[in-house]
Amino acid sequence: MIILGIESSCDESGVALYSSESGLLGHRLYSQLETHAEFGGVVPELASRDHVRKMIPLIKELLSSTGCRLDQVGAVAYTAGPGLMGALFVGATMGCALAMALQKPVIPVHHLEGHLLAPLMETPSPEYPFLALLVSGGHTQLMSVKGFREYELLGESLDDAAGEAFDKAAKMLGLPYPGGPALAQLADCVDHTRFTFPRPMVDRPGLDFSFSGLKTFTRNEIERVKRADDFSDQVRAELAAAFQTAVVDTLLIKCRRAVELTGIKRLVLSGGVAANRALREKLRTLQGVECFYPRMEYCTDNGAMIAFAAGQAYRALGEKALVHDYQVSVYPRWPMPNSHDV
């Protein structure tokens, strides 16, 4: 079966075609980066409008580039949550309307499950069971994955997620939107730093994360060097490096602890922060652990991961994964699924 996937949870419009027999046929992505850059963050109403404007042209472009006809699509998958309410409604409405017109079923997809499964599109792909570190703009979660929809949450952020902390620290440093990649790029400009930042919550048991204290520490350090009139480009780069190293080390320590607790020697890294070079390199230092990552284009939000996740649902659940009711329902807040129906 060929599945058309639609992603619209935030500020990227993504579409993709996935074949249960041939794999990913193609995908297209439109980023709203320029739209939101002047505001320093995502404006939900503008995001929704851009999804409305770009989704149909993207689908047409995808069909043309793959040579696939619309009547060959066997199901339409869309991101049902979590995400921005208005943005989710655009993709869900588009998906349900298109499926109704084709008289085909829909497959609602959990956005984070799409990220979690994205590394399985690569070759080689991880075999079950594996540990998964999901680090995106709004989520930092460490999970044990025994199989499809067999997810055990081991730890998560109690306040700011790692991606949020990156963005906020970048703003303090005066870096442009989006802050996370800009901070990482600045940090990579130096090979040493005079600053030492704390590694939060590594001195207590458990696998939860907290980055709000690190954010406060960063603000205090920036204010201190500003008072000393020493906020040069070199100092800014060293502050960025110190912050990035603190976050990366914290994630590494928790992953090592999860390996020791579970005995699982495979680790999957996914989500937007999975594109961070320093994090990838640090996780490779885990002795005896195989690490798997999605390619860079599948780290950020994209339609390929949604179509693929829908394909995995169909493969595992068969007809139970298909929804023939075209009622539009979205879930801005939605726990990661295990064995559930939307």
Over all atoms of both residues, closest heavy-atom pair of [X] and [Y]:
X: A170; Y: G179; answer: CB-O, 3.2 Å
X: P126; Y: P119; answer: CD-O, 3.9 Å
X: S210; Y: M201; answer: CB-SD, 3.2 Å
X: V106; Y: A99; answer: CG1-CB, 3.3 Å
X: A80; Y: P108; answer: CB-CB, 3.9 Å
X: A118; Y: P294; answer: CB-CB, 4.1 Å

### Query
Are E223 and K226 within salt-bridge range, i.e. N to O under 4.0 Å?
no

### Criterion side chain to side chain contact (heavy atoms under 4.5 Å, CB included) on V268 and V145, from CA distance to verdict
CA-CA 10 Å; V268 158; V145 181; over 6 Å; no

Should [X] and [Y] count as side-chain neighbours, where that means a heavy-atom distance under 4.5 Å?
X: F292; Y: R266; value: yes
X: L33; Y: P178; value: yes
X: C255; Y: L142; value: yes
X: I6; Y: I306; value: no
X: Y177; Y: V42; value: yes
X: K215; Y: M172; value: yes
X: E113; Y: M336; value: yes
X: E297; Y: H27; value: yes

### Query
Would S65 and R28 count as having a side-chain donor-acceptor pair, cut-off 3.5 Å?
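Per modelled atom types, S65 and R28 side chains form a pair under 3.5 Å.
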
### Task
Decide whether S212 and D160 meet the rule of one side-chain donor and one side-chain acceptor closer than 3.5 Å.
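No, no side-chain donor-acceptor contact under 3.5 Å.
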
Donor-acceptor check, side chain of [X] to backbone of [Y], threshold 3.5 angstrom: yes or no?
X: H324; Y: P105; value: no
X: H139; Y: S157; value: no
X: S125; Y: M121; value: no
X: Y314; Y: S20; value: no
X: D159; Y: F211; value: yes
X: T285; Y: E281; value: no
X: D208; Y: E156; value: yes
X: S64; Y: K60; value: no
X: E7; Y: D301; value: no
X: T245; Y: A242; value: no

### Query
Would you call the rings of H111 and H115 parallel, tilted or perpendicular if under 30° counts as parallel and over 60° as perpendicular?
perpendicular

### Query
Which residue pairs pass the salt bridge (Lys or Arg N to Asp or Glu O under 4.0 Å) test when at least one of the two sits in residues 185-203, sequence neighbours left out?
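Sorted result for residues 185-203: D188-R277, R194-D230, R194-E238, R199-D249.
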
### Task
Evaluate side chain to side chain contact (heavy atoms under 4.5 Å, CB included) for I3 paired with F308, printing each intermediate quantity in order.
CA-CA 8 Å; I3 299 172; F308 179 76; over 6 Å; no

### Task
Could you check Q141 against L153 for side chain to side chain contact (heavy atoms under 4.5 Å, CB included), going step by step and ending with a plain yes or no?
CA-CA 7 Å; Q141 297 178 329; L153 182 63; 4.0 Å; yes

### Task
Flag yes if more than 12 heavy atoms outside K171 fall under 6.0 Å of its NZ atom; otherwise flag no.
no

### Query
Hey, is CG on N220 packed in by over 12 heavy atoms from elsewhere, all under 6.0 Å?
yes

Separation between [atom1] of [X] and [atom2] of [Y], rounded to the nearest 0.5 Å:
X: L117; Y: Y298; atom1: CG; atom2: OH; value: 14.0 Å
X: K254; Y: R257; atom1: NZ; atom2: CZ; value: 5.0 Å
X: E152; Y: T262; atom1: CD; atom2: OG1; value: 9.0 Å
X: S8; Y: L58; atom1: OG; atom2: CG; value: 11.5 Å
X: L84; Y: E45; atom1: CG; atom2: CD; value: 11.0 Å
X: T218; Y: L239; atom1: OG1; atom2: CG; value: 8.0 Å

Check the hydrophobic clustering (I, L, V, M, F, W, Y; side-chain heavy atoms under 4.5 Å; chains of links allowed) and say if [X] and [Y] are grouped together.
X: Y78; Y: V328; value: no
X: Y30; Y: V43; value: no
X: L4; Y: Y326; value: yes
X: M143; Y: L131; value: no
X: V248; Y: L183; value: yes

### Full working for side chain to side chain contact (heavy atoms under 4.5 Å, CB included) between L120 and F148
CA-CA 11 Å; L120 275 66; F148 180 75; over 6 Å; no

### Proximity of F243 and F166 rings by center, below 6.0 Å
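Close enough - the centres of the two rings lie under 6.0 Å apart.
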
### The single option from L70, L25, V15 passing side chain to side chain contact (heavy atoms under 4.5 Å, CB included) against L63
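Of all the options given, the one that passes is L70.
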
### Task
Begin from the C-alpha positions of R256 and E260 and carry the test salt bridge (charged side-chain N to carboxylate O under 4.0 Å, His left out) through to its verdict.
CA-CA 6 Å; R256 182 186 295 121; E260 294 170 352; 5.3 Å; no

